[in-house]
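Written out below as structure tokens is the structure these notes cover.
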Amino acid sequence: MSYKILVLAKQVPDTRNVGKDAMKSDGTVNRAALPAIFNPEDLNALEFALRVKDKKGDAEVIIITMGPPRAADIIREGMYRGADKGVLITDRKFAGSDTLATSYAISLAVKKLAPFDMVVAGRQAIDGDTAQVGPQVAEKLNIPQITYAEEFIGFSGKKIQVKRRLERGIEILEAEGPVLITVHSSAANCRVRNAKRVMKYKYARTEIELQEAAEDYIEMLENRPYLQIKQWSVTDLNADVSLLGLSGSPTKVKKIESVVFTQKNSTTLSSSDSDINKLIKSLISSHVIG
Amino acid sequence: MSKNIFVYCEITEEGHVADVSLELCSRGYKLAKELGVELNAIAIGNNLNNVADEVSAFGVNNLYLTEDEKLFPYLNMPHSNIVSKILKEQKADIVLFGATSIGRDLAPRVASTLKCGLTADCTSLEIGDHYVKKTDTTYKNLLYQIRPAFGGNIVATIINPDMHPQMATVREGVMKLEPLRKKIKPEVIKLDVNKYVSKSDFAISIIDRQIEAQKINIKGAQIIIAGGYGVGSKKNFGLLNQLAELLGGEVGASRAAVDAGYAEHERQIGQTGVTVRPKLYIACGISGAVQHTAGMDQSAQVISINIDEEAPISNIADYNIIGTIESVIPKMIKYYRKNSK
């Protein structure tokens with residue numbers, strides 16, 4: 001049977017390029033001002049999975065994402081770069097889920113795709129930076145985890161070997177059986193879109209997207225099943241609703257404050273020679289430097 | 001309900017308790033005092049005879065030790081199973097982990113096992129109450145887990161009202177290391193490793209490790225020259241190096257500069273990097289998002305060099321030099337050489 005690799009990916013607002021209009025005047029986040037992108041480390045994860053597939057030959061890469069209907073964009077993006085299939089987990093009942101509730105939902109989708117050989121995810125998403133969902137999915141699947149992966153080294157028999165990045169060095173780990181791997185940004189960048197794949201997959205659609213499509217479109221998808229992106233709801237996953245959304249999330253946001261800097265008594269200087277000379281002299285005389 | 005506080009004591013390559021864990025013991029001690037409860041520590045590894053002594057200046061009442069040669073170096077499954085079981089047995093209410101590659105690998109797995117909440121990279125931990133209007137219930141003495149969120153544009157206070165323990169990770173340097181004047185000898189509880197781990201926990205094995213000695217130590221530097229995305233290039237970062245060498249300081253960087261490849265990850269300052277408290281912090285081309293300033297706003301003096309007079313960093317800087325890195329830093333070098341003799 002072919003080797004099955006599941007990639008967990010998330011569509012995120014691009015918080016790296018937050019402009020002045022990112023916050024509304026009432027202190028809430030202006031999501032419309034932030035472009036939605038493929039979470040950067042999830043692209044490293046996709047590349048990791050594709051390299052495993054290249055090595056194995058007979059392997060299948062399936063992207064799983066949880067989010068609103070438009071998150072199907074990143075599944076198509078993944079297909080353009082080499083993924084074979086995609087699953088969108090979407091339901092209003094997921095709204096407000098923290099990492100524990102999110103990992104519950106994702107673990108159900110992973111189980112529905114079992115048997116699988118490997119689950120790969122980005123180390124963390126840039127909109128939360130928690131790095132929690134990967135390990136929590138692994139715990140719920142009762143499989144071991146390798147976090148901070150930097151490189152897929154290869155197989156030694158049935159065992160996979162992975163290089164891991166630590167603060168002060170590296171570690172090479174070997175795992176037997178299904179394992180969940182989270183990939184660090186220092187791993188290889190994801191390969192770019194492949195023109196042939198773009199032509200092949202650009203009409204890939206979820207059920208929701210199909211409802212808005214024209215008749216002839218629906219017929220095309222019936223004839224080409226690889227264009228169907230699976231879409232799963234709470235019911236499809238047979239999920240316990242009390243473990244999802246706000247009720248399934250132990251963490252609550254008590255308070256959100258927008259950041260207001262209190263003005264310090266500061267001196268503004270120019271870059272002129274005399275200003276800099278004066279500053280350096282005063283720092284030396286007050287023993288801050290020198 | 002018990003209100004026990006636990007700190008996971010990470011063991012370094014050299015076999016010591018990591019600084020970040022001792023910092024958390026310092027914070028944990030204060031929280032424990034406020035709540036009138038005991039402070040507990042968990043250490044897992046091999047040959048941990050020195051741990052009781054190393055934590056004795058930090059007010060730990062009970063130290064849970066699990067020792068075995070299989071338990072060092074760190075492996076996820078054995079460590080998370082031991083920690084989860086201890087926390088369950090002792091009915092822990094608050095648990096703190098360092099936000100290191102070990103803590104961030106371990107804590108989420110433990111939280112999932114215990115079905116409790118976890119807040120990553122907190123910049124402040126406080127005790128407070130929470131009132132729910134709908135049910136007219138007041139939750140007493142919850143852990144307020146405070147962290148910047150959403151690209152640093154907001155600061156969020158997170159609580160876990162119902163599902164405990166309440167767990168948080170904190171980066172190194174965020175909490176102050178505050179040894180007590182009077183040492184307390186902790187009661188040591190040694191646990192039998194075989195009761196806590198099984199053979200299947202070793203499904204992953206370490207086949208090689210290459211650990212380098214710590215090269216960069218920006219945490220201990222008294223003078224830090226930090227560069228942001230605005231520095232513009234790796235070449236311009238060379239100017240920062242020159243100034244740092246001259247002043248006997250270290251070079252730091254914002255996340256944007258690290259992401260752009262201008263500086264090594266070890267130099268990153270801020271919520272997802274290191275927190276520093278130098279006597280002088282020179283921020284070069286750093287706009288000053290709260291995720292960065294969270295890691296440096298306790299510097300004694302801040303000088304900002306920026307072309308944008310209204311960059312947020314200007315609000316916390318003592319001196320704002322309006323100009324480019326290329327023009328200002330060479331002049332600082334020139335006048336330091338001239339005046340320091």
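Every chain is numbered from 1, with letters handed out A, B, ... down the list of sequences. Small disclaimer: the values here were computed from a predicted structure and weren't measured.
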- Message: Closer than 3.5 angstrom, by distance alone: can the side chain of A:E139 be matched with the main-chain N or O of B:V110 as a donor-acceptor pair?
- Response: no
- Tell me, which pairs form a salt bridge (charged side-chain N to carboxylate O under 4.0 Å, His left out) where one or both residues lie in residues 270-290 of chain A, sequence neighbours left out? A:D273-B:K331, A:D273-B:K334
- chain A contact via B:I223 - which portion, at a heavy-atom distance below 4.5 Å: side chain
- B:L118 side chain near A:T99 side chain, heavy-atom distance below 4.5 Å: no
- Item | Option that, when pairs with chain B are counted at under 4.5 Å, heavy atom only, ranks first among A:L166, A:V137, A:I284 | A:I284
- Message: So which atom in B:R147 and which in A:G128 form the shortest heavy-atom distance, rounded to 0.1 Å?
- Response: NH2-O, 3.1 Å
- Message: Please check: side-chain N/O of A:Q136 versus main-chain N/O of B:P108, any donor-acceptor pairing under 3.5 Å?
- Response: yes
- Task: Measure the shortest side-chain to side-chain distance between A:L243 and B:K115 over non-hydrogen atoms and say whether it is less than 4.5 angstrom.
- Result: no
- Task: Would you please go through residues 178-187 of chain A and name the residues with a non-hydrogen atom below 4.5 Å from one of chain B, in numerical order?
- Result: A:V179
- Should A:D129 and B:R255 count as an ion pair when the cut-off is N to O under 4.0 Å? yes
- List the atom of B:S112, the atom of A:K140, and the distance in Å for their closest heavy-atom pair. OG-NZ, 2.7 Å
- SB check A:K254 B:E126 (cutoff 4.0 Å): no
- Does atom OH of B:Y229 have more than 12 heavy-atom neighbours, drawn from other residues, nucleotides or ligands, at distances under 6.0 Å? no
- State whether the number of non-hydrogen atoms from other residues, nucleotides or ligands found under 6.0 Å of B:E326 atom CD is greater than 12. yes
- Side chain, backbone, both or neither: which part of B:T119 has a non-hydrogen atom closer than 4.5 Å to chain A? both
- Just by distance, with hydrogens left out, do A:T147 and B:D105 show a side-chain donor and acceptor under 3.5 Å apart? yes
- Message: Using a 3.5 Å distance criterion without hydrogens, assess whether the side chain of B:R209 forms a donor-acceptor pair with backbone atoms of A:E171.
- Response: no
